[in-house]
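In what follows, residues are counted from 1 in the order of the sequence shown. Note that the coordinates shown come from a computational prediction; the quantities given were computed from them, not determined experimentally. Heavy-atom basis, side chains included; hydrogens, waters and symmetry copies ignored.
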Amino acid sequence: MSSTDGARGGGGGVAVLSVALVAGTRTRLKVLERLLAAPNIVVCGAAQDASSAESLVLQLQPNAVLLDLDLWGGGLEAIERIMAVRATPIVVIGAAAEHPEAAIAAGAVDVVGDLDLPPGAADYAHLVRRHLTVASRVRVITHPRGRLRSRGLHRAIDGRPGAVTTGTGAASATRPRGGPAGMVAAGPPVVAIGASTGGPPALATILAELPPDLPAAVLVVQHMAEGFVEGLARWLDGVCPLPVAVAVEGEHLQAGQVYLAPANQNLVLRPGFRVGLLDPQPGQYHVPGVDVTFRSVAEYAGSRSVGVLLTGMGRDGAAGLRMLRDVGARTIGQDEATSVVWGMPAAAQELDAVDLELPLAAVGREVVAAVGQAAAPMAGAPS
């Protein structure tokens with residue numbers, strides 16, 4: 001389900017942005033309404049709790065939601081309920097922005113955190129309005145967290161620092177931290193995944209499909225600001241049967257492990273199947289960069305790799321995915337219907353870099369199948 005591009009109204013056909021407010025107190029709602037006072041923005045309604053926010057969005061169908069509700073006091077529930085019943089771009093601010101990784105993981109599109117501007121300043125108000133305007137143009141889809149919970153894969157993570165509870169049963173208590181014997185010495189197949197806007201929930205959906213004995217290492221590049229990646233790694237580790245951790249320079253790739261690129265460096269595959277972390281090149285817009293990772297995987301893993309390009313703005317990853325396809329790797333692009341922003345996968349399509357275009361729900365299964373094909377030749381290889 002996608003948002004509209006903006007209501008039309010006002011003089012001269014000017015696009016008017018309808019915004020619903022969610023905050024814990026009437027006083028805070030009034031503050032938010034003052035922040036949004038502008039000719040092209042209409043506050044269509046307000047709510048003070050998750051249930052009211054869900055009903056409000058269903059009834060009024062705004063172009064965007066501005067949410068300032070403490071995440072542990074109903075903010076997370078409000079985001080999840082909105083994204084489950086009528087997916088709408090959500091920007092979090094104030095109390096809700098104190099734990100940005102949890103808000104993004106729940107389905108929020110953008111976070112306006114602490115700024116070097118007083119909250120009442122005109123520049124601050126302009127910035128908030130700009131964030132909402134950009135967010136309202138983002139195509140959003142129903143969030144997968146409810147589906148993951150119903151399958152028992154969420155590991156009961158609530159986003160609080162350190163508050164990760166593992167699932168019950170021997171499988172979750174003893175999930176392996178490496179791959180099958182003999183795979184590491186030869187270098188395991190490599191799955192390389194790139195994502196940007198809308199990436200965290202898409203990654204959760206895919207990684208939840210991967211079995212704990214996957215005979216491949218998984219490299220993940222998500223465009224994300226510094227300070228958020230560690231929280232993303234904790235959350236993904238909770239929904240994924242494989243262990244997920246931020247990559248460390250020099251470590252040897254292990255099958256059955258997910259390596260997440262740090263926020264301020266590029267993640268690359270080095271000779272000997274070791275992790276490399278490189279400072280960004282001058283002028284590099286996206287850090288970490290998907291293209292950088294894809295190119296290194298094409299060079300050192302070749303046809304024994306799988307490339308996946310997910311939702312995101314821009315073109316990062318398209319050229320690298322084409323390089324992967326050129327060396328014989330299986331390449332997958334997320335389809336338009338399930339992408340929050342069909343930018344990066346569309347750019348890859350233009351370069352003829354995509355073997356298979358798939359809806360998000362089918363990507364994980366195809367990755368498992370492709371890894372099986374990549375690992376099969378190794379069964380008879382000499383040790």
Any idea which heavy atoms bring Pro280 and Val287 closest together, and the distance?
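Heavy-atom minimum between the residues: CB-CG2, 3.6 Å.
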Under 4.5 Å between side-chain heavy atoms, chaining through other members, with only Ile, Leu, Val, Met, Phe, Trp and Tyr counted: pull out the rest of the cluster around Leu278, sorted by chain and number.
Val268, Val292
Apart from Leu60 itself, what residues make up its hydrophobic cluster when side-chain heavy atoms of I, L, V, M, F, W and Y under 4.5 Å apart count as a link, directly or indirectly?
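Result for Leu60 is Leu56.
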Considering residues at least two apart in sequence or located in another chain, which fulfil the side chain to side chain contact (heavy atoms under 4.5 Å, CB included) criterion with [X]?
X      : answer
Ala329 : Ser305, Leu324
Ala50  : Glu77, Ala78, Arg81
Val327 : Ala298
Ser196 : His223, Met344

For the pair [X] (side chain) and [Y] (backbone), establish whether a donor and an acceptor sit closer than 3.5 Å, ignoring hydrogens and angles.
X      : Y      : value
Arg365 : Ala361 : yes
Asp110 : Val91  : no
Thr88  : Arg86  : yes
Thr311 : Val341 : yes
Ser55  : Ser52  : no
Gln48  : Ala23  : no
His252 : Gly272 : yes
Asn63  : Ser136 : no
Gln257 : Gln254 : no

Please lay out, stage by stage, how Val368 and Leu210 fare under the test side-chain contact (heavy atoms from CB on, under 4.5 Å).
CA-CA 7 Å; Val368 174; Leu210 304 183; 3.8 Å; yes
Applying side-chain hydrogen bond (donor to acceptor under 3.5 Å, both in side chains) to His286 and Asp316, what does each step give before you reach the verdict?
CA-CA 8 Å; His286 293 295; Asp316 188 27; 5.3 Å; no
Heavy-atom check, side chain of Ile79 versus side chain of Val92, under 4.5 Å:
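Side-chain contact under 4.5 Å: yes.
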Got a sec, which pairs hit salt bridge (charged side-chain N to carboxylate O under 4.0 Å, His left out) with one end in residues 349-363, sequence neighbours left out?
Arg315-Glu350, Arg325-Asp352, Arg325-Asp355
Summary of salt bridge (charged side-chain N to carboxylate O under 4.0 Å, His left out) pairs that have at least one residue in residues 268-288, sequence neighbours excluded
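Passing the test, one end in residues 268-288: Glu249-Arg270.
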Assess the residue pair Ile104 and Phe228 against the criterion (side-chain contact (heavy atoms from CB on, under 4.5 Å)); give the C-alpha distance rounded to whole Å, side-chain angles, the decisive distance to 0.1 Å, and a yes or no.
CA-CA 10 Å; Ile104 294 295; Phe228 296 167; 5.8 Å; no
Could you see if Val43 belongs to whatever hydrophobic cluster contains Leu35? Use Ile, Leu, Val, Met, Phe, Trp, Tyr and a side-chain cutoff under 4.5 Å.
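Yes, Val43 connects to Leu35 through the hydrophobic network.
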Residue list, salt bridge (charged side-chain N to carboxylate O under 4.0 Å, His left out) with [X], at least two apart or on another chain:
X     : value
Asp68 : Arg28
Glu33 : none
Asp49 : none

Could you pull out all residues at least two apart from Asp326 that satisfy side-chain hydrogen bond (donor to acceptor under 3.5 Å, both in side chains)?
Arg322
With side-chain contact (heavy atoms from CB on, under 4.5 Å) as the test, would you mind laying out the steps for Leu321 and Val354 before giving the verdict?
CA-CA 7 Å; Leu321 197 71; Val354 179; 3.9 Å; yes
Might you work through the side-chain contact (heavy atoms from CB on, under 4.5 Å) test for Ile206 and Leu360, ending with a clear yes or no?
CA-CA 7 Å; Ile206 294 170; Leu360 180 61; 3.9 Å; yes
What do the steps show when you test Thr338 against Gln334 for side-chain hydrogen bond (donor to acceptor under 3.5 Å, both in side chains), and what is the final call?
CA-CA 7 Å; Thr338 63; Gln334 187 176 349; 3.3 Å; yes
